[in-house]
Amino acid sequence: MATNEPTLLLERRARRAYELGRLRSALRLLPFVVLATVAALASGRPITLALPIGGALLALCLGLSFAGRAPGRAVVPGLLAGGAALVMPLLVATVGHACFGPACMPFCLPACVVGGAIAGAVIARMAVAQGPDPAFLAPALAIAALTGSLGCTISGAAGVVGMLAGVVAAGAPLLVAARR
Amino acid sequence: MESGGRAELRALMARLQDGDRTAFRPAFGLLWPRLRAFAVRYLGPADGEDAAQGALLRVFSRASEYDRARDALAWALGIALWECRTLRRQRQRRRESPVAPPDEPADQATPEEAAIEGDLRVAAEAILGTLRPMDVETILAAAGGPRAVQGATFRKRLQRALARFRLAWRARHGNE
């Protein structure tokens with residue numbers, strides 16, 4: 001094909017259309033991130049905590065989804081896995097358990113660990129299906145951790161640490177087993 | 001396009017769908033001449049070029065939605081066909097009413113009509129993409145594209161292709 005000026009111009013327009021299409025596609029994730037942030041706020045998470053985490057999650061999801069390839073493929077699994085870690089402590093709080101101080105320990109903290117374990121198992125299974133690739137695993141874990149943090153901060157820093165421990169405890173054995 | 005080129009285009013579109021920008025240039029190189037040839041045969045040189053450009057931009061704009069299970073060329077030609085038909089309808093409308101009265105909205109599609117047309121276009125493209133390449137080529141040929149066969153053979157193929165199209169449409173959308 002002769003690469004004359006009109007063809008080059010058309011190629012540039014087509015490239016712009018492609019990039020805009022990818023951006024439009026990435027923006028479909030916006031409602032899910034907004035919903036997660038609103039759910040955290042509605043469950044009593046302070047706005048000074050929920051908004052920065054939600055903002056960081058949104059930027060990460062949009063950026064990675066727009067970029068595509070393995071990190072882009074990691075966004076939806078990360079959100080789904082993090083959704084479990086988000087929902088567990090919020091459910092505990094919704095049924096009336098007071099997640100504050102020492103009273104938090106019997107339910108909220110274990111809920112964060114269980115949610116994290118579910119997230120870790122989901123991500124590990126998806127990573128194994130793709131062939132364990134750090135370019136998939138790292139973004140998926142980051143997104144799951146941020147999504148889960150929206151809910152697990154209900155138990156303070158211990159909740160987030162507990163969730164991450166759950167992720168590692170459930171995900172690592174699956175990944176190790178897959179490598180063998 | 002020979003089956004090797006078809007398979008290559010399919011692989012390139014799958015890479016673009018995944019976000020691999022290095023596939024853009026070769027995909028452009030494969031798609032543009034074919035879309036242009038198709039649209040020029042359908043509409044003639046001047047309008048064909050416009051329709052082909054519109055179709056090409058639409059194909060790349062929707063590359064993120066490309067379904068890997070579908071044949072990329074059939075999908076792209078389906079988009080080009082709709083682009084050609086839309087352009088031809090627009091041209092016909094202009095010829096019918098060279099100077100449209102400013103307070104006569106009858107010739108212009110209402111937002112609702114435009115939305116319905118858009119939905120139908122997407123639905124028909126999706127169905128076309130699920131058909132076998134020969135069925136797609138036959139339907140496109142009936143709409144004014146190039147014909148590989150003529151006469152009774154073509155009519156028979158068209159009949160079968162349309163039957164499969166209707167079947168696929170009903171399977172997806174019911175008897176709407």
Side-chain angles (χ1 to χ4, degrees), chain A residues 1-33 59-79 126-127 129-140 142-143, chain B residues 1 5 8-9 11-40 45-68 72-73 75-76 79-80 82-83 118 121-122 125:
Chain A
M1 184 178 58
T3 48
N4 53 25
E5 200 169 327
T7 307
L8 285 175
L9 197 67
L10 180 64
E11 190 180 332
R12 241 177 273 145
R13 285 175 62 205
R15 180 62 188 261
R16 196 163 50 233
Y18 172 67
E19 300 296 352
L20 283 173
R22 284 204 69 80
L23 185 63
R24 202 174 51 239
S25 181
L27 281 171
R28 288 181 188 164
L29 296 167
L30 182 75
F32 299 101
V33 179
L60 197 61
C61 287
L62 292 188
L64 292 177
S65 184
F66 175 75
R69 306 190 83 165
R73 288 195 296 274
V75 173
V76 173
L79 276 175
M126 288 182 174
Q130 300 234 350
D133 178 6
F136 175 88
L137 207 53
I143 289 169
Chain B
M1 192 192 277
E8 190 187 352
L9 182 62
L12 288 168
M13 289 307 295
R15 280 170 56 197
L16 276 177
Q17 186 268 334
D18 193 39
D20 182 358
R21 269 81 171 170
T22 58
F24 177 83
R25 185 160 274 191
F28 178 89
L30 279 176
L31 267 176
W32 172 233
R34 279 149 190 100
L35 290 181
R36 185 169 56 179
F38 171 79
V40 164
D47 285 351
E49 190 86 13
D50 287 350
Q53 286 192 17
L56 185 84
L57 296 181
R58 192 177 283 270
V59 165
F60 280 112
S61 168
R62 293 177 49 190
S64 317
E65 302 159 25
Y66 170 67
D67 177 0
R68 291 152 180 260
L73 184 65
W75 177 66
I79 291 174
W82 279 102
E83 208 61 44
R121 170 196 288 235
V122 170
E125 284 166 14

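Chain naming here is simple, since letters A, B, ... match the order of the sequence lines and numbering starts at 1 in each.
- For the pair A:Arg12 and B:Phe60, the cation-pi criterion (under 6.0 Å, within 45° of the ring axis) is not fulfilled.
- Only the side chain of A:Arg73 comes within less than 4.5 Å of a heavy atom of chain B; its backbone N, CA, C and O stay farther away.
- In terms of heavy atoms, A:Ala17 sits closest to B:Leu57 at CB-O, 3.6 Å.
- Atom CZ of B:Phe28 is separated from atom OG1 of A:Thr7 by 6.0 Å, given to the nearest 0.5 angstrom.
- Side chain to side chain, A:Arg24 and B:Ser64 fail the donor-acceptor criterion of an N or O pair below 3.5 Å.
- Across every non-hydrogen atom of B:Leu16 and A:Arg22, the tightest pair is O-NH1, 3.4 Å.
- No part of A:Leu20 comes within reach of chain B, as not one of its non-hydrogen atoms sits under 4.5 angstrom from that chain.
- With hydrogens and angles ignored, the 3.5 Å screen pairs a side-chain donor or acceptor of B:Arg21 with a backbone N or O of A:Ala67.
- Of the atoms belonging to B:Glu65, it is side-chain heavy atoms, and not backbone ones, that fall under 4.5 Å from chain A.
- The environment of B:Arg25 atom CZ is sparse: at most 12 non-hydrogen atoms of other residues, nucleotides or ligands sit within 6.0 angstrom.
- Remark: A:Phe32 CZ is loosely packed, at most 12 non-hydrogen atoms of other residues, nucleotides or ligands lying under 6.0 Å away.
- Of the possible donor and acceptor atoms, none in the side chain of B:Arg62 sits under 3.5 Å from a partner among the backbone N and O of A:Tyr18.
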